[in-house]
Amino acid sequence: MKRATAPAGLLAGVLTGGRRLTPTLLAVLAGFIVSGLIATTAGVSPFEALGALLAGAFDGPQMAETINRAAPLIGMALSAALPFRGGMINLGGDGQLVLGGFAATLVALYLPAPDAVRLPAALCGGMLVGGLYGVLAVLGELLAGIPVLVSSWLLTYPAKGLCSYLVHGSLHDPADALAATHRIPRGVRLTHLVAGTPITAGVLLVAIAATLIVFVDRRTSVGYELRMRGSNLQFARYGGVATRRQSVLVMAASGALAGLVGAILVLGGQYRFTDGALLAPQYTWSGTLAALLAGGEPIAAIAAGLFFAALQTGGFAMERTLGIPRVLTMVLEAVIILFLSMGGGLRRRFS
């Protein structure tokens, strides 16, 4: 009986995975068709635009740019996917990222310790501050009944405002015309893994975090309980899951991951905190879209993050070579999510 049922179980798993994947692939295809039509109105062949996009993302040294951009994007995608897996929505990624980068900068600049201590301390400081800010958002729901979606989003503004105020004031480097802190010493910067490329040890840190999240999600009771909560909150409570504690831990992990991304961006590339610089690439926006595309599933969120990173890196090259604004790639991301949402709504309506 075991020999007969094993292939059947494998086939059922494949078919189930295929049913889940098909709407996503259709949404991606629809997004590319819409973007191709937009490119046509600009007088550019859709196939020429696609070729420039792929070459700009994967050709030669562009691959390193894609990997470097994928690291923070995947980090923010997982930061959004963690609470989404449990039926929560964290819209405060920008605030947690900014505070994490700001805290890492302060530790790297002012902690009275050797460089070998300050670097890991700066990374841990970014994670700690980001995690605490994530907990603050969920406390609004637990203590005052404010949905975490609302509280996390609103808390972004004081985080950005505080950092902006300090970097314009007492922490401003007077030798710099920009609103920025002093530069971080070389000994407290993340090392480059490949000479001549922007790839730093931050890529490894995000890879370790992603591996840990996937392991917890797939192989531990913590991941099982979070998936249970995402499927049916009332059933999870009935089954003995401590949902209040779970909310705190999940938002702490989500905020810590966003804080780590902020620390990596500062310590691995910018080497100082500049007002608005961490938010300009819109990693939180793209990461949230990637998490939505993945339905909160960590492995799918990683794949979606890589996909969006390739789109964005290729978009820069497409703008340089063909003159098509790279904002088209953002349109593509939004259209994919729109079609995926429409497909889900139609399935629920006619099922």
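Counting from 1, the numbers follow the sequence of the chain as shown.
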Enquirer: With distance as the sole criterion, is a donor-acceptor pair present between the side chains of Thr156 and Asp94 under 3.5 Å?
Expert: no

Enquirer: Do Thr274 and Val167 have side chains that approach each other closer than 4.5 Å (heavy atoms only, starting at C-beta)?
Expert: no

Enquirer: Tell me who clusters with Tyr224, hydrophobic residues only, linked when side chains sit under 4.5 Å apart either directly or through other members.
Expert: Met228, Phe235, Val241

Enquirer: Counting only N and O atoms by type, is there a donor-acceptor contact under 3.5 Å from the side chain of His172 to the main-chain atoms of Leu178?
Expert: yes

Enquirer: Going by atom types only, do Thr200 and Arg189 share a side-chain donor-acceptor pair under 3.5 Å?
Expert: no

Enquirer: For Ser79, does its backbone N or O pair with a side-chain atom of Ser254 as donor and acceptor, under 3.5 Å?
Expert: yes

Enquirer: I'd like to know if the side chain of Gln62 reaches the main chain of Gly56, judged simply by a donor and an acceptor atom lying under 3.5 Å from each other, with no hydrogens or angles considered.
Expert: yes

Enquirer: Are the side chain of Tyr133 and the backbone of Leu155 linked by a donor-acceptor contact shorter than 3.5 Å?
Expert: yes

Enquirer: Please lay out, stage by stage, how Ser247 and Glu141 fare under the test side chain to side chain donor-acceptor pair (under 3.5 Å).
Expert: CA-CA 10 Å; Ser247 297; Glu141 179 174 273; 4.9 Å; no

Enquirer: Begin from the C-alpha positions of Val248 and Leu142 and carry the test side-chain contact (heavy atoms from CB on, under 4.5 Å) through to its verdict.
Expert: CA-CA 9 Å; Val248 172; Leu142 297 179; 3.7 Å; yes

Enquirer: Taking side chain as C-beta onward, heavy atoms only, is Pro281 less than 4.5 Å from Gln312?
Expert: no

Enquirer: Run Ile184 and Phe273 through side-chain contact (heavy atoms from CB on, under 4.5 Å) and show every step you take.
Expert: CA-CA 9 Å; Ile184 294 171; Phe273 185 91; over 6 Å; no

Enquirer: Any donor and acceptor pair, going by atom type alone, linking the side chain of Arg183 with main-chain N or O of Tyr271 inside 3.5 Å?
Expert: no

Enquirer: For residues Leu257 and Ile213, determine if any side-chain heavy atom of one lies less than 4.5 Å from a side-chain heavy atom of the other.
Expert: yes

Enquirer: Could you check whether any side-chain N or O of Ser152 sits under 3.5 Å from a backbone N or O of Leu149, counting only pairs where one atom can act as donor and the other as acceptor?
Expert: yes

Enquirer: Tell me whether Glu297 contacts the main-chain N or O of Ala300 through its side chain, where contact means a donor paired with an acceptor under 3.5 Å.
Expert: yes

Enquirer: For a quick test of reading the model, state the closest non-hydrogen atom pair linking Ala291 to Ala77 and the distance between them.
Expert: CB-O, 3.6 Å

Enquirer: Compare all side-chain heavy atoms of Ile302 with those of Val214 and state whether any distance is below 4.5 angstrom.
Expert: yes

Enquirer: Hey, are the side chains of Met63 and Ile67 touching, using non-hydrogen atoms and a 4.5 Å cut-off?
Expert: yes

Enquirer: Test your reading of the model: is there a side-chain donor-acceptor pair from Thr313 to the backbone of Ala309, 3.5 Å cut-off?
Expert: yes

Enquirer: Any sub-3.5 Å donor-acceptor pair from Arg85's side-chain atoms to Arg227's backbone N or O?
Expert: no

Enquirer: Looking only at atom types and distance, does a side-chain atom of Arg229 sit under 3.5 Å from a main-chain N or O of Gly86, one as donor and one as acceptor?
Expert: yes

Enquirer: Quick check for you: to the nearest 0.5 Å, what is the distance between Glu65 atom CD and Asp59 atom CG?
Expert: 12.5 Å

Enquirer: Is it the case that one hydrophobic cluster holds both Leu143 and Val148, taking links as side-chain heavy atoms less than 4.5 Å apart, direct or via other members?
Expert: yes

Enquirer: Is any side-chain heavy atom of Leu82 less than 4.5 Å from a side-chain heavy atom of Leu78?
Expert: no

